[in-house]
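Notes to accompany the following structure.
In the text below, chain A, chain B and the rest are named by the order of the sequence lines, each starting its count at 1. Heavy atoms only: backbone and side chains are in, while hydrogens, waters and symmetry mates are out.
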Protein chains: 2
Amino acid sequence: MKMELGPIEKCISDVIHEDVVNKVKEKMHDEQIFYELAELFKVFGDSTRIKILWALDEAEMCVCDIASLLSMSQSAISHQLRVLRQANLVKNRKEGKVVYYSLSDEHVKLIFNQGLAHVNE
Amino acid sequence: MKMELGPIEKCISDVIHEDVVNKVKEKMHDEQIFYELAELFKVFGDSTRIKILWALDEAEMCVCDIASLLSMSQSAISHQLRVLRQANLVKNRKEGKVVYYSLSDEHVKLIFNQGLAHVNE
DNA sequence: TGAATACATGAGCGCATATTCATATAAAGC
DNA sequence: GCTTTATATGAATATGCGCTCATGTATTCA
């Protein structure tokens, strides 16, 4: 938000009343939240990760289980699990040399369902 | 899903029972839905588009209004509005030479709220 | 101790994408 | 008709990202 305004600035249309402008500007002021939201949805924006989450919604499983079920390499899955971990969407538990992954909270399902509702409208 | 399986294939862990495996495999069979879901979330995965949707949640407005409020070029906004249009997240209405945009349905808000719930947990 | 297995990770490649710039279209006013 | 304003869009560039390949770490077992 550090660009200088061009001639566009004088183009606030008449339907936009001043209170609306101020309200939106106030919302825009809190930039952090936009980046966090976008960052979260970016994680959902990949079919491999969607598949992983969808599988984990069915049962806790280890890395090689997921790789096998998705017919993808262990490395690819491991990389994606790291992304999901950093977004706090999955948690893991180590048992010997095997690492079991599972969903970390309920939000995943809820976000999915809203997404599905839109896709299937 | 067209890769040949390596030695990973023999690594289905013991916690995964056969019925779970079949259930997940059956879910994975319907590949289309994963791509559609990922495609939808990809649209939400950009802070500029998030800001646009957030602004439109407050009021219907034209392209230059949005550009002004977000301090971005008209071109950049126009490109992003096309993405949002193609995802059926916004609709538009032409009045003279001005094009007014607004949210196309309720899902946007709902998806946002679920995202926020996760971010603020 | 050495081999095998499960997982993580850094480098690199190829591809998608967000923005800018230049330009096109279209409506309004002179 | 000409100019200005609002919007759309194609090309180009720069950045980000997903996968592979190679390798590292940790655990188990012989």
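- Rounded to whole Å, the distance from CG on A/Asp46 to C1' on C/dT17 is 14 Å.
- Distance CD1 (B/Ile77) to P (C/dT19): 8 Å, rounded to an integer number of Å.
- Electrostatic pairing of B/Glu39 and B/Lys42 counts as a salt bridge here, judged by a charged N lying under 4.0 Å from a carboxylate O.
- In the hydrophobic clustering of ILVMFWY residues, with side-chain heavy atoms under 4.5 Å counting as a link, A/Leu110 and A/Phe41 come out apart.
- Between A/Leu89 and A/Phe44, some side-chain heavy-atom pair lies under the 4.5 Å cut-off.
- When the side-chain nitrogen and oxygen atoms of A/Ser73 are compared with OP1 and OP2 of D/dC19, none of them lie within a distance under 4.0 Å.
- Distance check, rounded to the nearest 0.5 Å: CG of A/Leu103 to CD of A/Glu58 gives 10.5 Å.
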* To do: Treat primed atoms plus P, OP1 and OP2 as sugar-phosphate and everything else as base, then score nucleotides 25-30 of chain D 5' to 3': B for base contact with protein heavy atoms under 4.0 Å, S for sugar-phosphate contact only, - for none.
  => -SBS--

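- Rounded to an integer number of Å, the gap from CD1 of A/Ile66 to P of D/dC19 is 13 Å.
- Sorted by first and then second residue, the pairs that involve residues 51-74 of chain B and meet ring pair (Phe, Tyr, Trp, His ring centres under 6.0 Å), not counting sequence neighbours, are A/Phe34-B/Trp54, B/Trp54-B/Phe112.
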* Structure fact -> Letter by letter from the 5' end, nucleotides 8-16 of chain C scores (B base, S sugar-phosphate only, - none; protein heavy atoms under 4.0 Å) BBB------

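- Contact annotation: the side chain of A/Leu40 approaches that of A/Ile111 to within less than 4.5 Å [non-hydrogen atoms, C-beta and beyond].
- If you measure from atom CD of A/Gln86 to atom P of D/dG16, you get 16 Å, rounded to the nearest angstrom.
- Whole-Å rounding puts the A/Gln80 CD to D/dG18 P distance at 5 Å.
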* Can A/Ile50 and B/Ile33 be said to form a side chain to side chain contact (heavy atoms under 4.5 Å, CB included), step by step? -> CA-CA 10 Å; A/Ile50 292 273; B/Ile33 203 70; over 6 Å; no

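- Of the inter-residue distances, the one linking A/Lys23 atom NZ with B/Leu69 atom CG reads 14.0 Å to the nearest 0.5 angstrom.
- As a whole-Å value, the separation of A/Met61 CE from C/dC7 C1' is 17 Å.
- Atom CZ of B/Phe44 is separated from atom P of C/dT17 by 16 Å (rounded to the nearest Å).
- A/Ser104 contributes a side-chain N or O that, together with a main-chain N or O of A/Asn88, makes up a donor-acceptor pair within less than 3.5 Å.
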